[in-house]
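Let me begin by presenting the structure, written as C-alpha cells, before commenting on it.
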Number of protein chains: 2
Amino acid sequence: MKRNTWQREAVREALDATEGFISAQALHSTLHATGSPIGLATVYRALGDLATSGEADSLQSPDGESLYRACTTTGHHHHLICRNCGLTVEIAADEVEAWAKRVAARHGFTQAAHVVDVFGLCENCTRLAAGE
Amino acid sequence: MKRNTWQREAVREALDATEGFISAQALHSTLHATGSPIGLATVYRALGDLATSGEADSLQSPDGESLYRACTTTGHHHHLICRNCGLTVEIAADEVEAWAKRVAARHGFTQAAHVVDVFGLCENCTRLAAGE
DNA sequence: ACTGGTTTTGACAATCATTATCAATAAGCG
DNA sequence: CGCTTATTGATAATGATTGTCAAAACCAGT
Ligand SMILES: [Zn+2]
Ligand SMILES: [Zn+2]
Ligand SMILES: [Zn+2]
Ligand SMILES: [Zn+2]
C-alpha cells in the first residue's frame, strides 16, 4: 500500500511553489535551503512517483537533465518554456495531437507517444537580453 | 583550421551505415567491432561536430542519452522512431512548424526552437510484439 | 495507545554517460 | 622534409541518477 510521509508532501509542496520546471537536484537544494533535512534519493523517488501518477509533468532539458513541474492542467498537454528564467506556459494543441496520430498511423507505427516542447525567451527575458 | 583525419571520416561512415539513431557509446562499440582503434572521446567529439555543422541530427532518448543520425533530408525536419528497433522515418511537418511559431508569438516568446519527436513501434516490431 | 509487518527513508556506494586533461601524434603548409 | 598547431586517446574527473540495506516511520489491527 502507498503510505503518506512528510517527505513526499514536502516534495509536492516545493514543486507547487516552483514556477517552471526544476531538476531533482535543484529541488533538493531548495528544500535544504528552507531547513528540510530530506534526502536526495528521496527527492528523486518522490518526483518519479509524482510523474508516474500523473501529478507532475517531466521532460528532458536540452542537455539531458530530467525536469519536473506541478502542472495545473490535468490532461495531456505541452509546454512553452523560457530557456532563461524557466517561465512555463501550458499549451493544449489538439492540432498537434491529431498530426502525431496521423503521421504514426500513415507509417504503420503503433503505440505512438510524442515529445513536443517549445523553448524560447519569454517577453521579459527578451527585453533583458536586448538591453545587454 | 579544420583538419581531416581518418577518425572523423570513420565516424561519418559508420554513422551513414547505421539505420536509425545511435548513441556515441554504441557507435564506438560498432567501430571497435570492425577493428577500428578509434578512441571514445574522439567519437564524442566527431559526433558533436557533425551535429553542430548540421551534417547529423541529434536528439535525446527518453532516458536522457544523446542519439545521432546521418539524415538524408538537409533541411529542418522531425522524426518518427521505433523505440524497439530504432527504425527512423524523417518527417516534414509544416503544420507543426507553423503551430510552434504561432504559439510562441502569441505568448511573446522570441528565439523559439522546438523539440518534436514521435516514438512508437514500427510495423515489424508491432507484429513481433503481437506474436509474443 | 501499543505492536508487528511492511514500506520508506537516507547515507553512501555504484553506475553510466559525458567532459576535461594533457602528453604524444599527425595534418597541412611552405 | 621540418614546423606549427590541431587532433587524438588513455585516463581521470565530473555529475546526474540509481542501487543497497539497515534503521526509522507508517498504519492497520488489537
Ligand atoms: Zn524568461
Ligand atoms: Zn500531445
Ligand atoms: Zn521497429
Ligand atoms: Zn520543426
Side-chain angles (χ1 to χ4, degrees), chain A residues 1-15 18 20-53 55-69 81 83 86 115 117, chain B residues 1-15 18 20-53 55-69 81 83 86 115 117:
Chain A
M1 131 229 345
K2 185 86 133 220
R3 295 180 182 177
N4 296 326
T5 63
W6 65 263
Q7 286 95 333
R8 273 207 250 272
E9 195 49 39
V11 168
R12 205 192 312 262
E13 284 175 19
L15 199 61
T18 303
F21 282 84
I22 189 171
S23 70
Q25 300 274 354
L27 194 62
H28 179 242
S29 295
T30 300
L31 282 162
H32 263 198
T34 67
S36 172
I38 190 172
L40 177 58
T42 302
V43 174
Y44 271 98
R45 282 186 288 242
L47 286 175
D49 290 349
L50 287 175
T52 299
S53 72
E55 294 183 71
D57 275 9
S58 72
L59 59 80
Q60 308 263 141
S61 79
D63 49 288
E65 259 187 330
S66 285
L67 304 181
Y68 300 85
R69 178 162 193 268
I81 304 156
R83 71 167 67 91
V115 178
D117 295 300
Chain B
M1 128 232 344
K2 186 88 132 215
R3 295 179 182 176
N4 296 326
T5 63
W6 63 264
Q7 286 95 333
R8 276 207 248 273
E9 196 48 41
V11 168
R12 207 192 312 262
E13 283 174 20
L15 199 59
T18 302
F21 282 84
I22 189 172
S23 70
Q25 301 275 353
L27 193 62
H28 179 242
S29 295
T30 299
L31 282 162
H32 264 198
T34 67
S36 173
I38 190 170
L40 177 58
T42 303
V43 175
Y44 271 97
R45 280 187 289 242
L47 287 175
D49 289 350
L50 288 175
T52 299
S53 73
E55 292 183 72
D57 275 8
S58 72
L59 59 80
Q60 308 264 136
S61 79
D63 50 288
E65 259 186 332
S66 286
L67 304 182
Y68 301 84
R69 177 162 194 268
I81 305 155
R83 69 167 69 90
V115 177
D117 295 300

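Proteins get letters first, then strands, A, B, ... in listed order; numbering begins at 1 in each. Small disclaimer: the values here were computed from a predicted structure and weren't measured.
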Of B:Y68 and B:N4, the one whose nearest nucleotide on DNA chain C sits closer to the 5' end is B:Y68
What integer distance in Å separates B:E9:CD from D:dT7:C1'? 15 Å
Under 4.0 Å, counting only non-hydrogen atoms across every strand here, what does A:E65 touch: a base, just sugar-phosphate, or nothing? sugar-phosphate
Listed nucleotide nearest any side-chain atom of B:T42, set D:dG9, C:dA17, C:dG5: D:dG9
Closest to the side chain of A:A41, out of C:dA20, D:dA16, D:dG19, is D:dG19
If you look at every strand shown and take non-hydrogen atoms under 4.0 Å, does B:S66 touch a base, only sugar-phosphate, or nothing? sugar-phosphate
Which heavy atom of A:S66 sits nearest a heavy atom of A:Q60, and at what distance? OG-OE1, 3.6 Å
Which is it for A:E55 and A:S53 under the side-chain hydrogen bond (donor to acceptor under 3.5 Å, both in side chains) test, yes or no, and what are the steps along the way? CA-CA 6 Å; A:E55 294 183 71; A:S53 72; 3.3 Å; yes
Within the structure shown, what part of the strands sits under 4.0 Å from A:Q7 by heavy-atom distance: base, sugar-phosphate, or nothing? sugar-phosphate
Whole-Å distance separating the NE2 atom of A:H28 from the C1' atom of C:dT9: 12 Å
Between CG of B:D63 and P of C:dT15 the distance, given in whole Å, is 18 Å
Let's see if you can work this out: which of D:dA16, D:dG9, C:dT18 has an atom nearest to the side-chain heavy atoms of B:I38? D:dG9
Given atom NE2 of A:H32 and atom P of C:dG10, what is their separation to the nearest angstrom? 9 Å
Could you work out which one of C:dT19, D:dA16, C:dT8 sits closest to the side chain of A:Y44? D:dA16
Roughly how far apart are A:H28 NE2 and A:I22 CD1, rounded to 0.5 Å? 12.0 Å
Which one, D:dG9, C:dT6, D:dT7, comes nearest to the side chain of B:W6? D:dG9
Let me know the distance between CZ of B:R12 and P of D:dT7, rounded to the nearest Å. 13 Å
Side-chain donor/acceptor contact of A:R45 with base of C:dT8 under 3.5 Å: no
What are the two closest non-hydrogen atoms of B:S61 and B:L67, and how far apart are they? CB-CD1, 3.7 Å
A:R3 CZ to C:dT7 C1', in whole Å, measures 4 Å
Whole angstrom value for the distance that separates C1' of C:dA14 from CG of A:L40: 14 Å
Take the protein atom NZ of A:K2 and the nucleotide atom C1' of D:dA25, then report the distance between them rounded to whole Å. 17 Å
Taking atom types as they are modelled, is there a donor-acceptor pair under 3.5 Å from the base of D:dT7 to the side chain of B:R8? no
Output yes when at least one side-chain N/O atom of B:T5 is less than 4.0 Å from OP1 or OP2 of D:dA6, else no. no
Between A:V115 and A:D117, which heavy-atom pair has the shortest distance, and what is it? CG1-OD2, 3.7 Å
